[in-house]
Amino acid sequence: YTEQDYNLIATITKDINESFGFRAIVGSNVNQRARNRRKVTGSGIISEGLYHTDATSQTTVNYDFYELRRFYAAYADLQFSYNDYAYLNLVGRNDWSSTLPIDNRSYFYPGVSGSFVFTEAFDLSNSILNYGKVRAAVTKVGNEPSPYLTATYYSIQQPLTEGGSDYNRATLKDILGNPNLKPEFTTEYEAGVELQLLDNRVGLDLTYFHRTSTDQIALARVPATSGFEQEVVNIGELENKGWEIGLDLTPVRTTSGFTWNIFSAFTKIESKIVDAGPATEIYIGGPFSTVGTIHRTGYPYGQILGSINARD
């Protein structure tokens, strides 16, 4: 496995005046990943103790696999600040991926976030409320598929020897590619508040999020009469929403420097398949089993479906 990654990043920082500050990060990224795997089997050892494929009477190449993927990206992160208590961030990134069809190869995803330290803005800091900040963000993220999912390929098989002649063989794979494959996108809305109380002995971080994923890439079962077992699809829409709560307590803090800190976290997530396509469900299936994962419109994500023998 070989990966090459190149980044060019420029940072610009400029105070517009005494109150307004500006920082910009612009950059580009070039990435290439290659994977090579080869398996050779030798049978009929010629000399005991000499364990090399060259020292076998018959050598068979079981598989010779090579995978290559590339993507290019350009991005920018702009931050505006006001008196060190109000911040606005604008981000954007465009990717070009070799694993997507030409028409869908370029995709853009932006984001915006803001935060406001109200204790600093309104001079509210005291022995009870030491620090307070509210924040909100809307962000979209794109994701590329694995290589070679846009077409249906043949697998080269071992030659067949019959009547003293060798016949080369190739078999159509059982996965149907998708020439119209699109990148996955996830859009998240988030809002939260951070508080420090009682001489910074109590810290509270409360966050609500609503995440929507569209065009997720998956392998779905197809009828065997089609000649294939699975096809590459973009699943419609998945929704996740919930709360994250972090509580930071410092019950003991002495003048000698001894501190006892306790941190606890609570997370609640609700998931739902909003759209599983025209058939209202996609059965993913599992290896060597009748049990698999099914995505059904209106139901939670990742339900397990299986069958058992009828019994009295």
Side-chain angles (χ1 to χ4, degrees), residues 1-4 31-46 51-71 96-105 143-184 215-236 276-295 302 304-307:
Y1 180 86
T2 305
E3 180 171 356
Q4 301 178 52
N31 183 279
Q32 175 177 295
R33 306 171 203 173
R35 188 157 59 101
N36 191 5
R37 180 182 297 171
R38 193 167 194 262
K39 179 181 179 182
V40 179
T41 301
S43 58
I45 297 174
I46 297 174
Y51 301 120
H52 296 279
T53 53
D54 291 342
T56 57
S57 58
Q58 183 177 357
T59 303
T60 302
V61 178
N62 300 92
Y63 56 76
D64 201 342
F65 174 82
Y66 181 73
E67 176 185 281
L68 179 66
R69 65 195 296 179
R70 292 191 184 103
F71 75 79
W96 294 265
S97 174
S98 67
T99 62
L100 287 164
I102 293 178
D103 292 341
N104 300 331
R105 188 161 294 173
N143 185 36
E144 61 174 354
S146 300
Y148 315 132
L149 297 181
T150 60
T152 305
Y153 303 96
Y154 283 85
S155 294
I156 304 300
Q157 306 295 309
Q158 295 181 18
L160 175 65
T161 301
E162 187 173 329
S165 300
D166 293 332
Y167 299 91
N168 296 322
R169 299 184 299 162
T171 302
L172 190 65
K173 293 181 70 67
D174 56 8
I175 299 177
L176 182 62
N178 187 345
N180 301 311
L181 193 63
K182 297 181 289 186
E184 301 175 341
D215 295 324
Q216 290 190 302
I217 300 168
L219 295 176
R221 287 284 184 90
V222 295
T225 53
S226 66
F228 300 92
E229 292 185 1
Q230 297 174 307
E231 66 174 337
V232 181
V233 297
N234 285 109
I235 299 176
T280 71
E281 67 179 34
I282 295 178
Y283 181 64
I284 304 300
F288 315 112
S289 173
T290 60
V291 178
T293 302
I294 190 168
H295 302 316
I304 297 175
L305 178 70
S307 60

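Since the model is a prediction, treat every value here as computed from it, not as a measurement.
Under the 3.5 Å distance criterion, the side-chain polar atoms of S57 are matched with a main-chain donor or acceptor of S43. Side-chain N or O atoms of T99 include none that pairs as donor or acceptor with a backbone N or O of P147 at under 3.5 Å. With R69 contributing its side chain and P145 its backbone, the two residues share a donor-acceptor pair below 3.5 Å.
When all heavy atoms of R105 and S97 are compared, the closest pair comes out as CG-O, 2.7 Å. Of all heavy-atom pairs spanning T56 and H52, the tightest one is CG2-O, 3.6 Å. Summarising the geometry of Y153 relative to Y148, their closest heavy-atom pair is CE1-O, 3.3 Å, with the distance given to 0.1 Å. Counting all heavy atoms, side chain and backbone alike, E162 lies closest to Y167 at O-CE1, 3.7 Å.
Under the 3.5 Å distance criterion, with hydrogens and angles disregarded, no donor-acceptor pair is assigned to the side chains of Q230 and D174. Side chain to side chain, R38 and N36 fail the donor-acceptor criterion of an N or O pair below 3.5 Å.
Between the NZ atom of K182 and the CD1 atom of I217 there is a distance of 10.5 Å, given to the nearest 0.5 Å. Rounded to the nearest 0.5 Å, atoms CD (E3) and CD (Q32) are 10.0 Å apart. For the atom pair Q4 CD and R70 CZ, the distance stands at 8.5 Å (nearest 0.5 Å). With rounding to the nearest 0.5 angstrom, the OG1 atom of T150 is 9.5 Å from the CD1 atom of I102. Atom CG in N143 sits 5.0 Å away from atom CD in E184 (nearest 0.5 Å).
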- Item | Criterion side chain to side chain contact (heavy atoms under 4.5 Å, CB included) on L172 and T152, from CA distance to verdict | CA-CA 8 Å; L172 190 65; T152 305; 3.8 Å; yes
- Derivation and outcome, side chain to side chain contact (heavy atoms under 4.5 Å, CB included), residues T59 and T41: CA-CA 6 Å; T59 303; T41 301; over 6 Å; no
- Show your working on side chain to side chain contact (heavy atoms under 4.5 Å, CB included) between R33 and F71 and close with a plain yes or no. CA-CA 9 Å; R33 306 171 203 173; F71 75 79; 3.5 Å; yes
- Item | Intermediate values then yes/no, side chain to side chain contact (heavy atoms under 4.5 Å, CB included), I45 and Y51 | CA-CA 7 Å; I45 297 174; Y51 301 120; 3.6 Å; yes
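Here the rule is side-chain contact (heavy atoms from CB on, under 4.5 Å) with L181, and of L149, D215, V233, N104 only L149 fits it.
Shown here is L160, whose CG atom has more than 12 heavy atoms of other residues, nucleotides or ligands within 6.0 Å. Shown here is Y154, whose OH atom has no more than 12 heavy atoms of other residues, nucleotides or ligands within 6.0 Å.
The side-chain heavy atoms of E144 and P183, taken from C-beta on, include no pair separated by under 4.5 Å. Between V232 and L219 the shortest side-chain heavy-atom distance falls below 4.5 Å. With contacts defined as side-chain heavy-atom distances shorter than 4.5 Å, the pair N178/N234 qualifies.
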